[in-house]
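The structure under discussion appears below in the form of structure tokens.
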Amino acid sequence: MIKVLPGHISNLIAAGEVVQRPASVVKELMENSVDAGAQNISLIIKDSGRTLIQVIDDGCGFSQEDAKMAFLRHATSKISTAEDLNSIHTFGFRGEALASVCSVAEVTLRTKRADDQTGYEIKYAESKLVSENQTSTPTGSNFVVRNLFYNVPARRKFLKSDATEFRQIVSEFSRVAITRPNISFRLTHNNADIFQLNPATLKKRIQDVAGRDMGRELVEISVDTSLIKISGYIGRPEDARKTPGNQYLFVNNRYFRSSYFQKAIVKGYEGLIAGDLLPSFFIFFECDPHKIDVNIHPSKTEIKFEDDFAIFDILHSATRESLGKNSFMPSIDFDMDGAPDIPKIKKGFYTPPPKVDYDPLFNPFRTGADGFRTGADGFPGGGQESDENGVAAFDRRFHSGYGSTPADYSDPFNPDPLFSDSAITQKPVLQVGGKYLLTTIKSGVILIDIKRARERILYERYLEALTEGRNLPLQSLFPVTIEADIKTVSILQENISNLRFMGFDISIEENSLTVNALPNGFNDNSDSLSAIIDSLVSDLSEDGRDFGKKSKERLAGQLAKSGSSGKYEPLNNLEAQTLIDTLFACREPNYTPSGNRCLAIMSLEDIEKFI
């Protein structure tokens, strides 16, 4: 009953761990090129790695014997004894990469050492040697991987879209390129150059990989202790984004993932960024290799630290210190020693400026029912009534109605209708902190959250348009250009048809986006545009999904949230009145699609409790 598996089957099983997608092959081959001492590495792919993955380097190369040995399982040049596992400084050390790749693809290796007169070519397919011969080739190695998963159709079937697989390849390429800024890297996809990275400083390399704007967003982080040395760059709080992708952790120049250490960094931004945003960071750890274990995960992207609790505190403190040094954190100094004495102003020599009595709610363009101009309080001329009638006038104003809202809308605290038939344009509206609208109603006062009200209005508008199958109305802009990295460009390019249906007119170029129009109702200032693009990319970047397959309610909710995002801006009187009118014309004005309250009502009884 017990059998020893043949070599090609065991290689297929190993390939399930090592080679999960084209990006896995890119990772293994590029890391081998770095370990070989290459100074120039070129990555050429076609059809997002399905058809071709080629890695060319000018490293040390293989001898004829080593080239054949490299494709055997457990073959490596980096480990000789068990103790070597505790002092690993190189990337590839498992000895399964090439054996796994050649079991699921057709692999050709051309290689030559500097002292050899001729090179050597070897071909493998399904873990079997197909051919070997002498050839002419430059010093270094040239790996050609064709038709990935051609003999495992189920694995090939479950690959994601070309755009998704391409983004995964870019991620692996970027992780290797950032760790070696002194090496030249090149990435070509379908005969088009994507990256051409020349040797540079670390900050310049980050800027070249993550986008031209990234260099202006970064501040340095540095701390050196007996336990660990931490260096690198973190992003400014105002540049935090919803989309992950610029969060990099490296230990001894090896990329790894750690939600634990990421939490330490995000905690350092506490109070500076919203809870759903992620800061950018490119952080390098240097520590004794004997105090880490890099062999706990098949893909070697998780690392166990011996002193992880202490490192958490050091990383958190270093993040806070870096933000404080760059004046991103508020500081208050109560030390008054040595402060100059400020003389007090003598009242006898100071005359305060005269106070001007005016009505801040007066609107000279508002007219009453008799055709005469009235103030915001509804009285002729906009002035106040006499003192003896002031109480009665206030009582009439406080109990006047709101008229233009639906008749079937009722006060949740009172079964009677909330609004009377008086005109809404005669109601004063007060803006509080640029975030809220405050106005009177029959039963007291109502407070409306401006951003949430916009979200509810946009949601119902977009849901109606999507349900009826018609394009959303456009809001034309002066063209605004936004810098973008290759991942953002790829995600938007993949969904360009859906974006146009939803009302986005975006021209996509190699490293930038030009926004020509948005769905009607979106904020159109440049700061909001960046937030809108970031939100769209966040929603579109989920693997295996796109907007075309999501429910109409979810899509409308995401559009509404994106459209209402951005900075709070004050509204003029007409905009405020229009917002209130439109909100109460909605089917459900009380809550946003996500369940947050759009408004709060305070009755007269509640007000009296505070007075």
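What you see is a predicted model; the values in this text were computed from it and never measured.
For the pair Ile194/Phe173, no side-chain contact is recorded, criterion being any heavy-atom separation below 4.5 Å from C-beta on. The side-chain heavy atoms of Leu278 and Gln247, taken from C-beta on, include a pair separated by under 4.5 Å. Here the side chains of Tyr124 and Glu106 are not in contact, with every heavy-atom distance at 4.5 Å or above. At least one side-chain heavy atom of Val145 sits less than 4.5 Å from a side-chain heavy atom of Val101. Contact of the Val26 side chain with the Ile53 side chain is registered, since non-hydrogen atoms from C-beta on lie closer than 4.5 Å. Considering only heavy atoms from C-beta on, Leu218 comes within 4.5 Å of Ile206 through its side chain. Residues Asn151 and Val104 meet the side-chain proximity criterion, which asks for heavy atoms closer than 4.5 Å. With a 4.5 Å cut-off on side-chain heavy atoms, Glu455 and Pro593 count as touching.
Remark: Lys487 engages no residue in a salt bridge (Lys or Arg N to Asp or Glu O under 4.0 Å) (not counting sequence neighbours). Residues passing the salt bridge (Lys or Arg N to Asp or Glu O under 4.0 Å) test with Arg456 are Glu460, sequence neighbours excluded. Qualifying salt bridge (Lys or Arg N to Asp or Glu O under 4.0 Å) partners for Asp505, counting only residues two or more places apart in sequence or in other chains: none. Partners of Phe281 by ring-ring contact (aromatic ring centres under 6.0 Å, His included), not counting sequence neighbours: none found. Applying the side-chain contact (heavy atoms from CB on, under 4.5 Å) criterion to Ile273, with sequence neighbours excluded, gives Pro237, Ala240, Tyr269, Pro279. Legend: residues meeting side-chain contact (heavy atoms from CB on, under 4.5 Å) with Thr137, ordered by chain and number and at least two apart, are Arg110, Lys112, Thr135. Partners of Tyr459 under the ring-ring contact (aromatic ring centres under 6.0 Å, His included) rule, at least two apart in sequence or in another chain, do not exist in this structure. Not counting sequence neighbours, the partners of Ser141 by the side-chain contact (heavy atoms from CB on, under 4.5 Å) test are Asp57, Phe62, Leu109, Thr111, Phe143. Scored by the side-chain contact (heavy atoms from CB on, under 4.5 Å) test, Lys304 finds Asp293, Ile296, Asp308 as partners (sequence neighbours excluded). Under the ring-ring contact (aromatic ring centres under 6.0 Å, His included) criterion, Phe261 pairs with Phe285, Phe305, not counting sequence neighbours. Partners of His189 by ring-ring contact (aromatic ring centres under 6.0 Å, His included), not counting sequence neighbours, listed by chain and number: Phe166.
Pairing each heavy atom of Pro22 with each of Leu159, the nearest pair is CD-CD2, 3.8 Å. Minimum interatomic distance between Val209 and Ala177 (heavy atoms only, all atoms of both residues): CG2-CB, 4.5 Å. The nearest pair of heavy atoms linking Asn246 to Ala210 is OD1-CB, 3.7 Å. The two atoms that bring Ser490 and Arg167 nearest to each other are OG-NH1, 3.3 Å, heavy atoms only. Residue Asp47 comes nearest to Asp162 through the heavy atom pair O-OD1, 4.1 Å, listed as atom of the first residue, atom of the second, then distance. Nearest heavy-atom pair across Val251 and Cys287 is CG2-SG, 3.9 Å.
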Could you give me the CA-CA distance, side-chain angles and deciding distance for Leu29 and Leu98, then say whether side-chain contact (heavy atoms from CB on, under 4.5 Å) is met? CA-CA 8 Å; Leu29 296 183; Leu98 295 181; 3.9 Å; yes
Carefully, step by step, assess Val152 and Arg156 under the rule side-chain contact (heavy atoms from CB on, under 4.5 Å). CA-CA 7 Å; Val152 192; Arg156 191 176 180 93; over 6 Å; no
For a ring-ring contact (aromatic ring centres under 6.0 Å, His included) check, start with the C-alpha distance between Phe312 and Tyr260, then their side-chain angles and the critical distance, and finish with the verdict. CA-CA 8 Å; Phe312 181 97; Tyr260 182 64; 4.8 Å; yes
Working for side-chain contact (heavy atoms from CB on, under 4.5 Å), residues Thr188 and Leu43: CA-CA 6 Å; Thr188 302; Leu43 170 62; over 6 Å; no
Candidate pair Leu148 and Arg50, rule side-chain contact (heavy atoms from CB on, under 4.5 Å), full reasoning: CA-CA 6 Å; Leu148 186 64; Arg50 284 179 168 87; over 6 Å; no
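Using a distance-only test at 3.5 Å, with no hydrogens or angles considered, a donor-acceptor pair links the side chain of Asp58 to the main chain of Gln39. A side-chain donor-acceptor contact under 3.5 Å links Ser184 to the backbone of Leu197. Here the side chain of Arg155 pairs a donor or acceptor atom with the backbone of Val19 at under 3.5 angstrom. Counting only distance, with no hydrogens or angles, the side chain of Thr319 and the backbone of Leu315 share a donor-acceptor pair below 3.5 Å. Remark: the backbone N or O of Val170 is paired with a side-chain donor or acceptor of Ser174 at under 3.5 angstrom. A donor-acceptor distance shorter than 3.5 angstrom exists from the side chain of Arg205 to the backbone of Asn198, with no hydrogens or angles considered.
For residues 189-200, the set of pairs meeting the salt bridge (charged side-chain N to carboxylate O under 4.0 Å, His left out) definition, not counting sequence neighbours, comprises Arg186-Asp193.
With respect to the salt-bridge test (charged N to carboxylate O, under 4.0 angstrom), the residues Asp239 and Arg236 qualify. Contact check on Lys123 versus Glu132 returns no salt bridge, with no Lys/Arg side-chain nitrogen under 4.0 Å from an Asp/Glu carboxylate oxygen. Using a cut-off of 4.0 Å between Lys/Arg side-chain N and Asp/Glu carboxylate O, Lys160 and Glu494 are scored as not salt-bridged.
Atoms CD and OG, from Glu126 and Ser103 in turn, are 9.5 Å apart once rounded to the nearest 0.5 Å. The CG atom of Leu249 sits 9.5 Å away from the CD1 atom of Ile230 when rounded to the nearest 0.5 Å. Once rounded to the nearest 0.5 Å, the distance linking CG of Asn516 with OG1 of Thr481 reads 8.5 Å. Distance check, rounded to the nearest 0.5 Å: CD of Glu172 to CZ of Arg21 gives 9.5 Å. A distance of 7.0 Å separates CG of Asn190 from OG of Ser48, quoted to the nearest 0.5 Å. Put simply, CZ on Phe284 and CD1 on Ile228 are 13.0 Å apart, with the number rounded to the nearest 0.5 Å.
Using modelled atom types, one finds no donor on one side chain facing an acceptor on the other under 3.5 Å when comparing Asn147 with Thr51. Under 3.5 Å, the side chains of Tyr120 and Gln134 contain no donor-acceptor pair of N or O atoms. Between the side chains of Gln54 and Asn142, a donor-acceptor pair is found at a separation under 3.5 Å.
Here Phe282 and Tyr248 bring their ring centres to under 6.0 angstrom of each other.
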